[in-house]
Novice: 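Just passing along the structure, written as structure tokens.
The sequence lines fix the lettering, A, B, ..., with proteins before strands; numbering per chain opens at 1.
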Amino acid sequence: KNQVEQSPQSLIILEGKNCTLQCNYTVSPFSNLRWYKQDTGRGPVSLTIMTFSENTKSNGRYTATLDADTKQSSLHITASQLSDSASYICVVRVRDNYGQNFVFGPGTRLSVLP
Amino acid sequence: DAGVIQSPRHEVTEMGQEVTLRCKPISGHDYLFWYRQTMMRGLELLIYFNNNVPIDDSGMPEDRFSAKMPNASFSTLKIQPSEPRDSAVYFCASSSSRQGQTDTQYFGPGTRLTVL
């Protein structure tokens, strides 16, 4: 069964600290993996998209890694800011004929405190 | 670009009433998606369209849900009759196939539906 798991479920850190969010997946065949940031009361916003051949991708203070062998991804946030408080959702795309089959993780709720 | 536009932003209705949610995708995008998000189940894909044609509606919970896309700039999601368990945030998203498998989905602000 195609599944995406994320850990931790929630995380609280102090402003300026770094943190790492985890995503494990059992999706096959794999197309790509995405990280979304969702602020409270708003729609998700794409942070990174990684294909099988990419093992790291950055978007400002956000750096995503992908290990296709172990089927694990991480999202590292550097020098956290209050505005980083949000839910972070890992999404894996299944490679199929239609190309629009996505498996969503439950998300990690990050709170950055001053 | 105004992004994906959804209306209404909030909807409160009574059980048994018909509810219609509306979406205007980003101009030029050929894919449109309807999602539902709840605390218990997270984000779920309900249905998606390609060039106004429904491609996969396997995520639609039951016959009470229906979606249409009469043209490239407008889509509706209808619930009739509505039930309290339909209470959720409904998102519309659009993307362009020109980016291939790495196309980015752009989400609207969502419609928060409460069925009493």
Novice: If I compare all heavy atoms of R93(A) with all of D103(B), which pair ends up nearest, and what's the gap?
Specialist: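 So the minimum-distance heavy-atom pair works out to NH1-OD1, 2.6 Å.
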Novice: Would you give the length of the straight line joining atom CG of D56(B) to atom CG of N101(A), rounded to the nearest 0.5 angstrom?
Specialist: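 Nearest 0.5 Å value for the CG-CG distance: 7.5 Å.
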Novice: Could you tell me whether Q80(B) atom CD has more than 12 heavy atoms of other residues or ligands within 6.0 Å of it?
Specialist: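 Count over threshold, so yes.
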Novice: Is chain B contacted by the side chain of P44(A), its backbone, both, or neither, given a heavy-atom distance below 4.5 Å?
Specialist: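 For P44(A), the contact with chain B is made by backbone and side chain together.
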Novice: Could you pull out all residues at least two apart from Q9(A) that satisfy side chain to side chain contact (heavy atoms under 4.5 Å, CB included)?
Specialist: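 Scan of Q9(A) (side chain to side chain contact (heavy atoms under 4.5 Å, CB included), adjacent residues dropped) gives none.
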Novice: Test of understanding: clusters of I, L, V, M, F, W, Y form through side-chain heavy atoms closer than 4.5 Å, transitively. Do L21(B) and M15(B) belong to the same one?
Specialist: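 Yes, because L21(B) and M15(B) connect within a single hydrophobic cluster, where side-chain heavy atoms sit under 4.5 Å apart.
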Novice: For Q37(B), is it the side chain, the backbone, both or neither that has a heavy atom under 4.5 Å from a heavy atom of chain A?
Specialist: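 Answer is side chain: those atoms of Q37(B) sit under 4.5 Å from chain A.
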Novice: Less than 4.5 Å to any heavy atom of chain A: does that hold for the side chain of Y106(B), its backbone, both, or neither?
Specialist: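 Y106(B) has no heavy atom closer than 4.5 Å to chain A.
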Novice: Is L47(A) linked to V103(A) within one hydrophobic cluster, defined over Ile, Leu, Val, Met, Phe, Trp and Tyr using a side-chain heavy-atom separation of less than 4.5 Å?
Specialist: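 Same hydrophobic cluster.
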Novice: Go through the atoms of R41(B) and report whether side chain, backbone, both or neither lie under 4.5 Å from a heavy atom of chain A.
Specialist: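 For R41(B), neither part sits under 4.5 Å from chain A.
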Novice: Would you mind telling me which of F102(A), Y36(A), F104(A) makes a ring pair (Phe, Tyr, Trp, His ring centres under 6.0 Å) with Y35(B)?
Specialist: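 It is F104(A), the one option of F102(A), Y36(A), F104(A) that forms the ring pair (Phe, Tyr, Trp, His ring centres under 6.0 Å) with Y35(B).
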Novice: Find out whether R42(A) and F107(B) are in side-chain contact, i.e. whether some heavy atom of one side chain is under 4.5 Å from a heavy atom of the other.
Specialist: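 No, every pair of side-chain atoms sits at 4.5 Å or beyond.
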Novice: Are M39(B) and L110(A) linked, directly or through other ILVMFWY residues, by side chains that come within less than 4.5 angstrom of each other?
Specialist: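 No; L110(A) is not reachable from M39(B) via cluster members.
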Novice: Might you confirm whether atom CZ of R109(A) has over 12 heavy atoms from other residues, nucleotides or ligands at distances under 6.0 Å?
Specialist: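 Yes, CZ of R109(A) has more than 12 neighbouring heavy atoms, counting only those of other groups under 6.0 Å.
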